[in-house]
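Lettering of chains follows the sequences in order, A, B, ..., and the numbering in each one begins at 1.
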Amino acid sequence: MTESNTDFGPDLGEVFGPSHADGGPELVQLLTPEGERVEHPDFSFDLDDEAIKGFYRDMVLTRRIDTEATALQRHGELGIWAQLLGQEAAQIGSGRALAPQDFVFPTYREHGVAWCRDVDPLRLLGLFRGVDQGGWDPNDGNFGLYTIVIGAQTLHAVGYAMGMQRDGVVGTGDPERDAAVVAYFGDGASSQGDVNESFIFAASYNAPVVFFCQNNQWAISEPIERQSRIPLYQRALGFGFPGVRVDGNDVLACYAVTKAALQRAHEGSGPTFVEAYTYRMGAHTTTDDPTRYRLSEDLEHWKLKDPIARVHAYLTRNGLVDEAFFAEVEEEAERLGEHLRAGCKALPEPDPLSIFDHVYVDQTPELAAQKEGFAAYLASFEGHKEGAR
Amino acid sequence: MAKITLAKGLNAGLRAAMEKDPKVVIMGEDVGKLGGVFRITDGLQKDFGEDRVIDTPLAESGILGTAVGLAMRGYRPVCEIQFDGFVYPAYDQIVSQVAKIHFRSQGKVKMPMVIRIPFGGGIGAVEHHSESPEAQFAHTPGLKVVACSNPVDGYWMIQQAIACDDPVVFLEPKRQYHADKAELDESATPDPLFASRVVREGSDLTLLAYGPMVKTCMQSAEAAAGEGKSIEVIDLRTLSPLDMDPVFASVRKTGRAVVAHEAHVNLGMGSEIAARIAEECFFSLEAPVLRVGGFDTPYPPSRIEEEFLPDLDRVLDAVDRSLAF
């Protein structure tokens, strides 16, 4: 056996450096886990403390949606729930960076982004309760329906952005007019062909897209190491556009980085990959059991980086709020919880005959006949005592 | 009136649709300068620009997935899949997204999109260039599926499919692209898109076909006429929804039906059509509905494709079996 002496250049370790469990030195951070503001050479947070208070409120309420929905699932009111616990900063920071004319293509876990787009969280529950498959109008808040096939929506996002280019709403210089798309996906999705194809299409057409990847370290039971041998954000360069890794538990950094990426897109400078480095503190969904595949000490480690706690620390440490502020937010969360609990049970059951109604814009004679037949079949049971069927 | 090929008919139909509606965009591999490998989009990029005739990266799922986004933004994408056998990388986007988004959104989001697929064999090609995937799409609720068989239909049906607010899989018999010519009267009123059509009247047996097999069945009927057999031929044209009323009327008259397609017989369109005829015309039938199609094998090497494909003799063999029943 002779050893290969072909030189393929430096190895992975030399190119990308050693891997860091904490995200490494490239992590853009503007608020430490201890609640201290820090500077970054490339990104800065340009809003005032009122905005930070707003972010705090958003994150607390988003977490409340998550815990209420989880409880509703445990009570049998929802069939399943996809938890976002721990990802509040990534979602609120990026969601609040959006301009009204921007459009969002979410996965099924973007409850915080939905909140930023004024989607009634009750509408999110409909899908998980099984009364519909997405009960909001995507054009109302420019927030697409949840997509369950992993990564499929990233291509829709690029196509939508190509439409914006053709509509002449990119690079006009008018901040009220310039539009872009944010495609949300996760670390698991980064392995999908659709996601990689979406990178290629976006790069090729210089489409106004921000690829916002929440790397929460886990694709159900598979760790990020199963999806990628290099930091995910580094992949962007291979496709021909910039990538950046941001502390996904730092709402200020997520806001600042997304804002900057959107700015590039609005200007017509093309796509950006944002890797929000975070951690899925909950399960994949309520059917999952993370104790089978990960260590509880990892969770304890990430709890110290909690996205809400660090903003709480910042606000109190600097005397920006008083106890009444936190009490008000808590009260609002209580009201939101009540809204979800009562509203969930009151969601109307779908009419069985409605399954025929939106298969096509123009109903086919075949389906019309099937509907008629099924209606007659159902009607044939009317008048029978319970138990007849 | 000009005599045109199917390729020219489709090209003229696409041009007319683009002139009529500025939201119509064509997407696909090599559809721009080259005009597509079959030249169906010839000259369109030159006249409508690169924003409306889009040469895409070589990724079918990418084409269909981005078309979904364009449709959501108000465009009417016409996607060209280069060859039938290359549609499968886009299968998930077509079946799980294109077909379901209108339903998922309870009618709030429309998917007006045409997916053009050159289909069928007989051109001496290598593997994956000669397939007939229509049943896979006709089986998917939310999609509409049509197949043209001649230049005049090509001209009208592509425009009607583009104007349709539902996603349409549009199948083009590739071996007919540059074959027969027909006279096109652009001032005529076309038949509706989702309608089958009796293309030859007869009284002894009904032959049902679509796409490339219409020509074969017409030739079979002609040959049978020489033997004193009167065969009615119906061009189905629409595969989802099926337009069965003209079929039922014909079978009630003839009492016999043979369905022909290039696709595999097992669970092909013929299976569904035979079942529906049995349900609706049971007491009119003099013989079981017979199916003629490709064998239940992968598409073979091209040197033996003529044996795989149902031809005039295989159709006549089925006709004879039915008549002898």
Side-chain angles (χ1 to χ4, degrees), chain A residues 103 105 127 132-140 144-149 151-167 181 183 192-205 207 209 350 354-369, chain B residues 22-23 25 27 49-52 54-75 77 89-90 92-93 95-97 99-112 141-144 164-167 193-194 238 240-245 276:
Chain A
F103 201 99
F105 283 85
L127 186 157
D132 58 44
Q133 292 169 333
W136 59 95
D137 187 336
N139 294 312
D140 279 352
L145 292 184
Y146 278 4
T147 301
I148 294 173
V149 176
Q153 76 283 359
T154 57
L155 281 168
H156 308 166
V158 175
Y160 198 93
M162 290 164 65
M164 287 173 164
Q165 289 176 305
R166 280 154 184 77
D167 291 343
V181 177
Q192 287 281 1
D194 275 3
V195 173
N196 288 272
E197 289 185 21
S198 75
F199 292 169
I200 289 164
F201 275 64
S204 183
Y205 299 121
V209 185
S354 71
I355 59 175
F356 300 99
D357 291 345
H358 299 296
V359 181
Y360 299 102
V361 178
D362 295 318
Q363 172 82 296
T364 64
E366 292 175 356
L367 268 191
Chain B
K23 292 291 188 184
V25 293
M27 314 172 66
E50 292 184 12
D51 271 356
R52 293 191 63 197
I54 308 168
D55 268 329
T56 64
L58 213 163
E60 287 77 10
S61 190
I63 296 169
L64 265 295
T66 50
V68 166
L70 277 159
M72 288 183 69
R73 185 72 192 178
Y75 287 82
D92 173 66
Q93 284 289 345
V95 168
S96 295
Q97 306 300 332
K100 294 188 171 83
I101 283 176
H102 186 258
F103 183 81
R104 183 184 304 152
S105 69
Q106 295 160 292
K108 297 182 191 81
V109 183
K110 292 178 190 168
M111 272 298 120
L143 300 176
K144 291 178 174 175
C164 179
D165 279 336
D166 291 305
L193 179 60
F194 300 108
T238 174
S240 179
L242 282 163
D243 178 31
M244 292 300 287
D245 284 345
R276 293 205 198 185

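At a 4.5 Å heavy-atom cutoff, A/A157 makes no contact with chain B through either its backbone or its side chain. Heavy atoms closer than 4.5 Å to chain B are found in the side chain of A/T147, but not in its backbone. Interface remark: B/Q97 contributes side-chain atoms only to the contact with chain A (heavy atom separation under 4.5 Å). Of the two parts of B/K144, the backbone and the side chain both hold a non-hydrogen atom closer than 4.5 Å to a non-hydrogen atom of chain A. Heavy atoms of A/S204 lying under 4.5 Å from chain B belong exclusively to its side chain. Both the backbone and the side chain of A/D167 come within contact range of chain B, each with at least one heavy atom under 4.5 Å from a heavy atom of that chain. Only the backbone of B/D55 has a heavy atom closer than 4.5 Å to any heavy atom of chain A. Proximity to chain B (any heavy atom under 4.5 Å) is restricted, for A/E197, to the side chain, taken from C-beta onward.
Taking A/L367, A/D362, A/T364 one by one and counting their heavy-atom pairs under 4.5 Å with chain B, the maximum is reached by A/D362. For chain B, the option among A/M164, A/H358, A/E366 with the highest count of heavy-atom pairs below 4.5 Å is A/H358. With chain A as the partner, the residue from B/P241, B/P57, B/G107 showing the most heavy-atom pairs under 4.5 Å is B/P57. Between chain B and the options A/Q165, A/H156, A/Q153, heavy-atom pairs under 4.5 Å are most frequent for A/H156. Here B/H102 is the residue among B/R104, B/M244, B/H102 with the most heavy-atom pairs under 4.5 Å with chain A.
Not a single donor-acceptor pair under 3.5 Å links the side chain of A/Y160 to the backbone N or O of B/M72. One N or O on the side chain of B/D166 and one on the backbone of A/V361 form a donor-acceptor pair closer than 3.5 Å. In this structure, A/D137 contributes its side chain and B/K108 its backbone to no donor-acceptor pair below 3.5 Å. For the pair A/Y360 (side chain) and B/L143 (backbone), a donor-acceptor distance under 3.5 Å is present. Panel note: side chain A/R166, backbone B/D51; a donor-acceptor pair is recorded below 3.5 Å.
Smallest separation of non-hydrogen atoms from B/S96 and A/V149: CB-CG2, 4.2 Å. Heavy-atom minimum distance, A/Y205 versus B/T56: OH-CA, 3.1 Å. Across B/G142 and A/V359, no two heavy atoms sit closer than the pair N-CG1, 3.5 Å.
In the displayed structure, B/K23 atom NZ is contacted under 6.0 Å by more than 12 heavy atoms of other residues, nucleotides or ligands.
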